[in-house]
Amino acid sequence: LTAMEQPGPVDLRNKGEVDVGQLCLPGAVGTLATSLGHVFRGEDISVGPGFVYVSRPTGSQPPTKCVLMAHDLHGCQSGRHKQLADALTTQGWLVVLPDFLVGFGSATWCDLVKSFCHDYLLPWLEETGVTMLQCFGFCVGAVAAAMLAQATAEHLHDGAEAPVLVGTVFAYPTFSRPYIRDHEELQKLIASIEQPMLVMPVADDAQEVRSGGLIEQLHKAHGLNVEIVEFKAVHGFMTQGNISDTDVRESLEWAIELSCEFIH
């Protein structure tokens, strides 16, 4: 990941549903184009009505462990999303990166994400032999990660045996309108994630996601493991930050190391 040069910015935000800039912090970094020179290891495939970038580890045996990456508000085609997916496969994991932009910004987006995961993505993962699932949510992808947790619980309640969600990672999680309207809704959303968590906020993120905040309080109250590691880099540094900046580059490397240790 040390050779991720960043070309000029491209704007992928005009999706017609919402001014996505209002869903993130004013100081967050904008959208970056995918780095030049990176050869993608994965491929975009159709799963039900949606598209998923799938990156597979090398080896003859089908992987049984999977990481689902939930992209930030700029979408899975922007920044370093696919590069991070490819990097995680070197640890032996199957990595899937769904396109969750359909309906983004609308009041029904959460339901769309949840239904896609329950009706299509989780059955497909079960068919491919995945038994263990972990989620990695960036920015508003934290909301999608909570929808995945709810969908997985329903999938297993419906009689499925796999995959089982065993952990969740948040990078600079953002919980904002129209998805989270008040403190009570945020409590319910966080409570739906009943697995150990690694949370990596930045200094400008809301107190609820930082050390001593709501996420840490709720998880500890339910006897669940939670680790909060705060970063000095700008919001969006993992997927969109320019690594010519020393703080961004060092924070990115540290965040990847922490994530790999947690997910293993």
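Numbers here are sequence positions counted from 1. Computed from a prediction, not measured in an experiment: that's the story for all the values here.
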> Under 3.5 Å, side chain of H222 to main-chain N/O of L218, donor-acceptor pair present?
Replying inline: yes

> What is the ring orientation for F104 with W109, classed by angle as parallel under 30°, tilted 30 to 60°, or perpendicular over 60°?
Replying inline: perpendicular

> Under a 4.5 Å cut-off applied to non-hydrogen side-chain atoms, are T128 and P62 in contact?
Replying inline: no

> For E161, does the CD atom sit with more than 12 other heavy atoms under 6.0 Å from it, leaving out its own atoms?
Replying inline: no

> With the 4.5 Å side-chain cut-off for hydrophobic clustering, are V143 and L214 part of the same group?
Replying inline: yes

> Any side-chain heavy-atom pair from Q77 and D99 closer than 4.5 angstrom?
Replying inline: no

> Is there a chain of hydrophobic side chains (I, L, V, M, F, W, Y, each step under 4.5 Å between heavy atoms) that links V47 to V54?
Replying inline: yes

>> Using modelled atom types and a 3.5 Å cut-off, is there a donor and acceptor pairing between side-chain atoms of H81 and backbone atoms of G75?
In response: yes

>> Evaluate L258 against F231 for side chain to side chain contact (heavy atoms under 4.5 Å, CB included), listing each step before the verdict.
In response: CA-CA 12 Å; L258 288 173; F231 286 75; 3.9 Å; yes

> Hey, are the side chains of T58 and R41 touching, using non-hydrogen atoms and a 4.5 Å cut-off?
Replying inline: yes

> Would a 4.5 Å heavy-atom cut-off, applied to side chains only, mark E185 and K188 as touching?
Replying inline: no

>> Between V67 and Q91, is the side chain to side chain contact (heavy atoms under 4.5 Å, CB included) condition met? List the steps.
In response: CA-CA 11 Å; V67 175; Q91 305 297 313; over 6 Å; no

>> Give me the atom names and distance for the closest heavy-atom approach of T168 to A145.
In response: CG2-CB, 4.3 Å

> Between R80 and F237, is there a donor-acceptor pair closer than 3.5 Å when you use the side chain of the first and the backbone of the second?
Replying inline: yes

> Between V140 and D72, what is the shortest heavy-atom contact and its length?
Replying inline: CG2-C, 4.1 Å

> Between NE2 of H118 and CD of Q150, what distance do you get to the nearest 0.5 Å?
Replying inline: 11.5 Å

> Does H71 use its side chain to pair, donor to acceptor, with the backbone of C139 at less than 3.5 Å?
Replying inline: no

>> If you compare all heavy atoms of P163 against all heavy atoms of L125, which two are closest, and at what distance to 0.1 Å?
In response: CG-CB, 4.3 Å

> Is there a donor-acceptor contact under 3.5 Å from the side chain of Q217 to the main chain of G212?
Replying inline: yes

> What heavy-atom pair brings C117 and L148 nearest, and what distance separates the two atoms?
Replying inline: SG-CD1, 4.0 Å

> Atom CE of M132 and atom SG of C66: how far apart are they, to the nearest 0.5 Å?
Replying inline: 11.5 Å

>> Quick check for you: to the nearest 0.5 Å, what is the distance between N225 atom CG and M197 atom CE?
In response: 12.0 Å

>> For S259 versus V169, what's the shortest heavy-atom pair and its separation?
In response: OG-CG1, 4.2 Å

> Run the side chain to side chain contact (heavy atoms under 4.5 Å, CB included) check on W93 and I263 step by step: do they pass?
Replying inline: CA-CA 9 Å; W93 308 311; I263 294 173; 3.5 Å; yes

> Does some side-chain heavy atom of T152 sit less than 4.5 Å from a side-chain heavy atom of L122?
Replying inline: yes

> Rounded to the nearest 0.5 Å, how far apart are OG of S251 and CD1 of I243?
Replying inline: 12.0 Å

> So, the side chain of E230 versus the backbone of R210: is there a donor-acceptor pair under 3.5 Å, distance only?
Replying inline: no

> So do I228 and V226 actually touch side chain to side chain, heavy atoms under 4.5 Å?
Replying inline: yes

> So do the side chains of Y53 and D86 get within less than 4.5 Å of each other, counting heavy atoms only?
Replying inline: yes

> Can you tell if the side chain of M69 reaches within under 4.5 Å of the side chain of L88, non-hydrogen atoms only?
Replying inline: yes

> Is it true that I193 and V166 fall in one hydrophobic cluster, defined by side-chain heavy atoms closer than 4.5 Å?
Replying inline: no

> With distance as the sole test, does H219 use its side chain to make a donor-acceptor pair with the main-chain N or O of Q195 at under 3.5 Å?
Replying inline: yes

> Would D205 and F170 count as a side chain to side chain contact (heavy atoms under 4.5 Å, CB included) if you check the C-alpha gap in whole Å, the side-chain angles of each, and the deciding distance to 0.1 Å?
Replying inline: CA-CA 12 Å; D205 282 340; F170 284 166; over 6 Å; no

> How long is the span from the CD1 atom in I190 to the CD atom in E216, to the nearest 0.5 Å?
Replying inline: 12.5 Å

>> Is a donor from one side chain sitting under 3.5 angstrom from an acceptor on the other, for Q240 and S78?
In response: yes

> Could you give the distance from CG (L68) to CG (L94), rounded to the nearest 0.5 Å?
Replying inline: 9.5 Å

> Does L224 share a hydrophobic cluster with I215, counting links as ILVMFWY side-chain heavy atoms below 4.5 Å and allowing steps through other members?
Replying inline: no

>> Test of understanding: clusters of I, L, V, M, F, W, Y form through side-chain heavy atoms closer than 4.5 Å, transitively. Do V229 and F262 belong to the same one?
In response: yes

> When the ring planes of F138 and Y172 are compared, do they come out parallel, tilted or perpendicular, using 30° and 60° as the limits?
Replying inline: tilted

>> Looking at every heavy atom in both M147 and K114, which two are closest together, and how far apart are they?
In response: O-CG, 4.0 Å

